[in-house]
Amino acid sequence: MKKLFALLVFIVFAGINVQAQQFPEALTMKDIFHEPFIPGTRPSFSHFSPDGRTVYFQWSDSATSDTDLFQVGLTGKNQQEAPDDIIRNYELSPDGKHVLYTEKGDLVLANTDFENKRIIVATKDPDYSPVWNADGSRFAFVKGGDIWVSGVNQAFIKQITRKKEDAPNYDVETWAGDKLVLIQRDESDYREYYFPEYADTYVKPGGDRRGIPTQIVSIAPVDSGEIKVIFNRKGYVDIDASASGKHVALDYVDPPMKNRQIIVYKVEDYSSKTLFEDQTEGWMYGTNMEFAPATDRLMFQSEKDGWNHLYTINPDGTGFEQHTFGEYDIPWARWIDERTIVMATSEMDRGEIQLSRLDIITNMPVKLTTEEGYRRDFELSHDRRYVVYEKTFFNEPFDLHLVDTKIPKRETKLTNSVPESFFEYNWQQEEFVRFNSRDGKTRLSMSVLRPARRNPAGNPVVVFVHGAGSLQNVYKGWSNSYWREYLFHQYLTLQGYYVIEVDYRHSTGYGRKFREDVTGWMGKYETQDIEDGLAFLTDNFPKADTSRVGIYGGSYGGFMALYAVSVSPERFDAAAALRSVTNWENYYYTNPWYTLPRLGTPERDSVNYARSSPITYADSLERPVLLLHGLIDDNVGFQDVAQYIEKLVQSGNEDFELMIYPTERHSFRDEDAWYDEYRRIYEFFERELKP
């Protein structure tokens, strides 16, 4: 392995002396994949109570996959299982005194304690998705694909839309004064694709319609006048109305995600003005837009300067201002009041996320959290005061936490969901590494686990590649997306392996260019970044034998395993690919929202598809591969692995294995299937990487 020129290194070591490292010596493969789960089940936020004093979350106190609804106070006290009759989906009135919800197909009005309830709308068809107007006197709802309006104090019901039989259904986006903002999603040009199911008595076709919708946005006067279509385009759109009801903002991104427009309409006369535009050769990411709760000032997020930052502007185009600056991201932001925004930020470190409060007049941030850790999945309370989120640190699985935006630097832990038995294992802490790539300027993040016992002749290396492409998985904490793999990697260290993971280009959290470098050729730069991680390992971990390297991953990670072992057989000796994309043309037809922005279309950009697809290199594959795929996978269809195997067979390749899981889709559910999958991966690496 060639050493990198002018390698710049910054390493956070959890314990440099390997003799001081602790290892989970009692860990077995079955422990990892079978219930009860070693780390327990992660709690996930469900909702706030209407009075904002209680947080509800899904969790299993038995560390199994069967979860129940629990509740806890804002101080983290009084945690208990929630009553069976808790209403989870409701709409709180603007004055905070009433709730609307659907019960047995009827709309019910009640106090915030769900007492004094009365059926307010009962029709033959189900009534659902109620949306209050600004003063809480009326609400709109959906029935039979059309929009209706009813009153709280005045008993009436009025039909607003009358769609044609073959027209798309209406949904209510919001009120704008006394008018409704409606949306229809036209999917008439979708195509049907098939993911057959084989395990029952008869084969089922498993048809599913896929495509990119056309968004039709209308403004509908409630009291009089005709419905006015103000927007009709294929692509993606977010919608919000100003507090005054005078303006409606549309945040539009075209189907290839190359162009973005924020358009504001005057509700009075439907005139419009484009306030913001952005273009990129890659694809838009992290867009967000919201009017302030009490003014008409619009906040939005954009990567226009290369990183995801905060901007505000007035509806007439005046007062444009950027509020955050620097080489870091704002992954989440919401208004608290007319001049204050609460935001998540990676400003301190790429491996952690903190929360701050920002005054948009002074642009002075106030830190709400300071403790090192990674935070995600933020939820703002009804009164915009509290934020609930998941937080982790090294070897501490995610738990729910809360901050009061009025009290800086006081973080409350709401749940203690990790079983005590988890801490009986001496988990090795990952070493979080930052280094420069071969170009001398692209900064990369990598995690390293050392083998429990060093072999004087050197220890082989396993590379894990995260899925999704656009994802961050190397950070200062427990992996939420890959917790089973997290445990599996600890097991591999017991068997004498180094385990590394690199957040390759395409990953999120490192700026627009870092993510978009892969546009038009997926696999190329990701492979280079992983190779640079191996070079770093060679230079800084002398006992890492980078002449014996296995690579594995699932979905995009499976694609990367096959791609890397195909184009760089001198670096990678074996690849295990789970539910992997082998032919990006297949993925374009079933998931165009993902593939179109990255590779274009197969007809126009065939070169991009050919050089990015592992199937292109299958007839010259030199290294052994293990393929594992769910037969009814409806994300990456089994078609991909079937086509890949056919090409291997036709090329005379005999050095591959395949395992099919007849009742598993893209995300496996059965613990025995999980175990079988990783048992095979382990045995494959044992056979291919050890003498």
With distance as the sole criterion, is a donor-acceptor pair present between the side chains of [X] and [Y] under 3.5 Å?
X      : Y      : answer
Ser46  : Gln58  : no
Asp545 : Asn459 : no
Asp399 : Thr415 : yes
Asn653 : Ser651 : no
Gln429 : Asn395 : no
Glu431 : Ser447 : no
Thr546 : Thr538 : yes

Can you confirm if the NZ or CZ of [X] lies within 45° of the ring axis of [Y] and under 6.0 Å from the centre of its six-membered ring?
X      : Y      : result
Lys690 : Phe685 : no
Arg376 : Phe398 : yes
Arg42  : Trp59  : no

Inspect the contact between [Y] and [X] and indicate whether a charged nitrogen and a carboxylate oxygen are less than 4.0 angstrom apart.
X      : Y      : result
Lys476 : Asp349 : yes
Glu664 : Arg579 : no
Glu683 : Arg687 : no
Arg453 : Glu25  : no
Arg548 : Asp573 : no
Lys391 : Glu371 : yes
Asp208 : Arg210 : yes

ring-ring contact (aromatic ring centres under 6.0 Å, His included) between Tyr678 and Tyr491, intermediate numbers included
CA-CA 11 Å; Tyr678 281 79; Tyr491 179 80; over 10 Å; no
Take Ser65 and Glu35 through the test side chain to side chain donor-acceptor pair (under 3.5 Å) and record every step on the way to the result.
CA-CA 8 Å; Ser65 56; Glu35 299 182 10; 2.6 Å; yes
Picking from Phe668, Trp674, Tyr198, Phe638, what satisfies ring-ring contact (aromatic ring centres under 6.0 Å, His included) with Tyr661?
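It is Phe668; the other options fail the test.
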Of Trp478, Phe422, Phe37, which meets ring-ring contact (aromatic ring centres under 6.0 Å, His included) against Trp483?
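Between Trp483 and the candidates, ring-ring contact (aromatic ring centres under 6.0 Å, His included) is satisfied uniquely by Phe37.
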Show the numbers, then the answer: is there a side chain to side chain donor-acceptor pair (under 3.5 Å) between Tyr510 and Asp503?
CA-CA 9 Å; Tyr510 305 96; Asp503 263 352; 2.6 Å; yes
I'd like to check [X] versus [Y] (side-chain heavy atoms, cut-off strictly below 4.5 Å). Are they in contact?
X      : Y      : value
Arg434 : Leu444 : no
Phe195 : Asp633 : no
Arg515 : Thr508 : yes
Tyr563 : Lys524 : yes
Met348 : Tyr328 : no
Ser44  : Phe57  : no
Ser613 : Asn583 : yes

Determine whether the aromatic ring centres of residues Phe435 and Phe536 are separated by less than 6.0 angstrom.
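Aromatic pair counts; centres sit under 6.0 Å.
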Taking the six-membered ring for Trp and the full ring for Phe, Tyr or His, determine whether the centres of His34 and Tyr675 are under 6.0 Å apart.
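So the answer is yes for these two rings.
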Between [X] and [Y], what is the ring plane arrangement, given parallel below 30°, perpendicular above 60°, and tilted in between?
X      : Y      : answer
His506 : Tyr594 : tilted
Tyr556 : Trp584 : tilted
Tyr552 : His489 : perpendicular

Where do Phe488 and Tyr682 land on the ring-ring contact (aromatic ring centres under 6.0 Å, His included) test, with the steps shown first?
CA-CA 9 Å; Phe488 178 58; Tyr682 167 67; 7.2 Å; no
Arg611 (side chain) donor-acceptor with Gly520 (main chain) under 3.5 angstrom:
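Present.
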Are the side chain of Tyr504 and the backbone of Gly523 linked by a donor-acceptor contact shorter than 3.5 Å?
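No.
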Can you name the one residue among Val636, Leu578, Ile645 that meets side-chain contact (heavy atoms from CB on, under 4.5 Å) with His629?
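Of the listed options, the one satisfying the test is Val636.
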Which residue in the set Arg571, Arg623, Glu622 passes side-chain contact (heavy atoms from CB on, under 4.5 Å) when paired with Val565?
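Filter result, single survivor: Arg623.
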Verify side chain to side chain donor-acceptor pair (under 3.5 Å) between Asn473 and Glu501, making sure each step is shown before the conclusion.
CA-CA 8 Å; Asn473 199 52; Glu501 179 183 1; 2.9 Å; yes
Side chain to side chain donor-acceptor pair (under 3.5 Å) for Gln528 and Asp439? Distances and angles first, verdict last.
CA-CA 10 Å; Gln528 289 182 7; Asp439 64 14; over 6 Å; no
